[in-house]
Amino acid sequence: MLKQDYADKVHGFWLGMSIGNWTGLVTEMDKIGGEGPAGVFYTRHDWQTKDQPSIWGQGIPSQLSETIDWVVAGEDEVWGSDDDSDIEYIYLQLMHDAKQPLLSAEQIRSGWLAHIYTDANTPFKTAEGKPENFLWVSNQQAFDLMQQDILPPYTGMPAYNPHYDMIDAQLTTELFGILAPFRPDIASALAYLPIRTTAYGEAADIANFYVVLHALAAGIDSNKQIQPQIIHIAKQARAALPPNQYPAKMFDFVLSLYQSGIPWEEARDKLYQRYQLQEEDGYEISRKKLYCNGCFAAGINFAASLVSLFYGEGDMQETIKIAVLAGWDSDNPAATWGGLFGFILGKNGVEQAFGRRFSSKFNIHRTRKGFANNGIDDFDNMAKTATAIVDQVVIQQMAPKGVEKMPASAQCWHIPAFVQPAVSAL
């Protein structure tokens, strides 16, 4: 793979993630099932109609957009960071500065403490005037534990972190997949400790699924039909899930619904019935009696994300639209698939898909602190940083013993092939 081509793909990753993230925030927690308006799920016909309040919106729709529609930054604007992008940005800088992509527990803790505000020192406030540091559930608990000198992976273990099965690890670790292109085994090794900073058990397995998917996406040819290639790598990523646990069973169930030909809305409703109400396949989040019936949980959001991935039919816009409308923590699957398709298509491909130009400027200080240039960065620069990290990954993790290493100045990488495990028919 040529490094300049890879850099364009990484630019597309950050751009697509931002498009999905900010568009998904419009409907975040609008629809979670149950009684009342939040139980009446959106359908495809709700795209570009009036946004409805979230479960915490106090009757007020999103301030980002009056309608459920694209929220993007034009060429003269700046993308803001959010919790779907800012922890990954921290990891990107930590790996680059250390010239060591395999982060230690101490490096992770130091990075979090250096770049994340505490409630005591944050300059940000919620609408109710409370301190805001843009961390929630498992991420917040892990951060609190770090301030007590507790290191990963203990910060994600149930004994210390009761929120270990929330969605947080998914939205902080997809990056590791694109830093080990074609090599899901190495991507999983790089992401192992960052995932377990906030997750344990099935939630960690789900986060790793996304990491594996992003590593395999490096091999997708955007000049060919994308949907068959997406299904192929999704099945390969599913092979990494323990077969006797609920994530693998969720994957099989949602894929079977897609293959049956029913509309995505009906598939979404069936997974709600199966998992949130009937607690099938060992998914027992509802019996915990959590706030909003576990609407932040890794499991239900994983299942919902698969609906949008499969039914998006290889189309970036359609995939994000379905993610935005499917329900629950909708900005997270939208951001994940926006990033995945951005990586597949590259910057130019994303702009062609939308028929317009976008900003490449990124403000990490919207949510975090302590970075150069008052937090203003650029997707091109972030892509160059990632390219330098892949240099290190190839040299440190991929070069076979006894084989001369390619110099970092080379225009391409030599990446030894990874033999995929056999995938049974699904």
Side-chain angles (χ1 to χ4, degrees), residues 31-33 41-44 165 167 170 184 201-203 205-214 216-217 220 225-286 293-295 297-316 318-330 332-334 336-337 340-341 344 420-426:
K31 306 295 181 181
I32 63 168
F41 284 103
Y42 288 129
T43 72
R44 71 192 68 199
D165 54 356
I167 198 173
Q170 171 199 331
E202 291 95 335
D205 294 332
I206 288 169
N208 185 62
F209 171 91
Y210 295 109
V211 170
V212 169
L213 201 63
H214 281 71
L216 294 172
I220 287 184
Q225 282 194 335
I226 290 178
Q227 177 70 348
Q229 299 178 82
I230 288 284
I231 296 295
H232 179 66
I233 66 170
K235 288 180 178 180
Q236 290 179 313
R238 183 262 186 242
L241 295 170
N244 61 335
Q245 296 180 357
Y246 77 74
K249 295 177 181 181
M250 281 180 166
F251 182 99
D252 297 346
F253 178 65
V254 177
L255 182 60
S256 71
L257 294 176
Y258 167 68
Q259 292 173 333
S260 75
I262 64 174
W264 71 258
E265 294 93 338
E266 187 177 344
R268 184 266 321 279
D269 294 347
K270 286 182 179 295
L271 71 87
Y272 167 68
Q273 181 78 22
R274 184 177 181 87
Y275 297 114
Q276 293 292 91
L277 298 182
Q278 297 175 344
E279 298 184 291
E280 298 284 346
D281 297 333
Y283 186 68
E284 301 176 344
I285 201 77
S286 293
N293 196 27
C295 58
I300 192 60
N301 284 286
F302 174 60
S305 82
L306 294 173
V307 170
S308 52
L309 181 66
F310 297 148
Y311 280 92
E313 294 284 354
D315 181 272
M316 181 176 186
E318 188 64 18
T319 302
I320 295 175
K321 283 181 181 179
I322 296 173
V324 168
L325 294 168
W328 295 284
D329 210 357
S330 54
N332 295 316
T336 293
W337 300 144
L340 181 75
F341 273 89
I344 292 169
Q420 299 288 352
V423 180
S424 60
L426 299 175

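Being a predicted model, the structure only gives us computed values, none of them experimental.
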Q) Are the side chains of Leu306 and Leu255 in touch, meaning some heavy atoms are under 4.5 Å apart? A) no

Q.
When you compare the side chains of Tyr311 and Glu265, does any donor N or O come within less than 3.5 Å of an acceptor on the partner?
A. no

Q) Got Pro184 and Gln236 here, is their nearest side-chain heavy-atom distance under 4.5 Å? A) no

Q | Ring centroid separation Phe310 to Phe251 under 6.0 Å | A | yes

Q: Using modelled atom types only, decide if a donor and an acceptor are shared between the side chain of Arg274 and the backbone of Glu280 within a distance under 3.5 Å.
A: no

**Q.** Which atom of Ile300 lies closest to which atom of Gly294, heavy atoms considered
**A.** CG2-O, 3.9 Å

**Q.** Any Ile322 side-chain heavy atom under 4.5 Å of Arg268 side chain
**A.** no

Q) Looking only at heavy atoms, what is the nearest atom pair of Ala267 and Leu257, with distance? A) O-CD1, 3.7 Å

(Q) Looking only at the side chains, is there a donor atom on one of Ser330 and Tyr42 sitting less than 3.5 Å from an acceptor on the other? (A) no

Q. What are the two closest heavy atoms between Asn208 and Ala240, and how far apart are they?
A. ND2-CB, 4.4 Å

Q: Determine, stepwise, if the pair Leu271 / Met250 fulfils side chain to side chain contact (heavy atoms under 4.5 Å, CB included).
A: CA-CA 8 Å; Leu271 71 87; Met250 281 180 166; over 6 Å; no

Q) What about the rings of Phe209 and Phe302, do their centers lie closer together than 6.0 Å? A) yes

**Q.** Sequence-distant partners of Gln229, side-chain contact (heavy atoms from CB on, under 4.5 Å), two or more places apart
**A.** Ile220, Asp221, Lys224

Q. At what distance, to the nearest 0.5 angstrom, does OG of Ser308 lie from CD1 of Ile320?
A. 9.5 Å

(Q) Going by ring-ring contact (aromatic ring centres under 6.0 Å, His included), name the residues that satisfy it together with Phe41, two or more places apart in sequence or in a different chain. (A) Tyr272, Trp328

Q: Find the distance between CG (Asp252) and CG (Asp281) and round it off to the nearest 0.5 Å.
A: 9.0 Å

Q. Would Glu284 and Tyr246 satisfy side chain to side chain contact (heavy atoms under 4.5 Å, CB included), going step by step from the backbone distance to the final call?
A. CA-CA 10 Å; Glu284 301 176 344; Tyr246 77 74; over 6 Å; no

Q) Can you tell me how far CD1 of Ile230 sits from OG1 of Thr319, rounded to the nearest 0.5 angstrom? A) 7.5 Å

Q) Between atom NZ of Lys31 and atom CG of Leu325, what is the distance when rounded to the nearest 0.5 Å? A) 11.0 Å

Q: May I ask you to check whether over 12 heavy atoms, not counting those of Gln278, lie within 6.0 Å of atom CD?
A: yes

Q: Looking only at non-hydrogen atoms, find the nearest pair between Ala234 and Leu309 and report the distance.
A: CB-CD2, 4.4 Å

Q) With distance as the sole test, does His232 use its side chain to make a donor-acceptor pair with the main-chain N or O of Pro228 at under 3.5 Å? A) no

Q: Kindly indicate, with the supporting measurements, whether the criterion side chain to side chain contact (heavy atoms under 4.5 Å, CB included) is fulfilled by Gln276 and Ile285.
A: CA-CA 7 Å; Gln276 293 292 91; Ile285 201 77; 3.6 Å; yes

**Q.** Under the salt bridge (charged side-chain N to carboxylate O under 4.0 Å, His left out) test, residues paired with Asp329 that sit two or more places apart
**A.** none

Q) From Ile231 CD1 over to Ile226 CD1, what is the distance, rounded to the nearest 0.5 angstrom? A) 12.5 Å

Q: First locate atom OH of Tyr283, then atom NZ of Lys249, and finally report the distance between them rounded to the nearest 0.5 Å.
A: 15.0 Å

Q: Would you indicate whether the side-chain heavy atoms of Pro242 and Asp205 approach each other to under 4.5 Å?
A: yes

Q: Looking only at non-hydrogen atoms, find the nearest pair between Thr336 and Gln170 and report the distance.
A: OG1-NE2, 2.6 Å

Q: Please name the pair of heavy atoms, one in Val254 and one in Ala303, separated by the smallest distance, quoted to 0.1 Å.
A: CG2-O, 3.9 Å

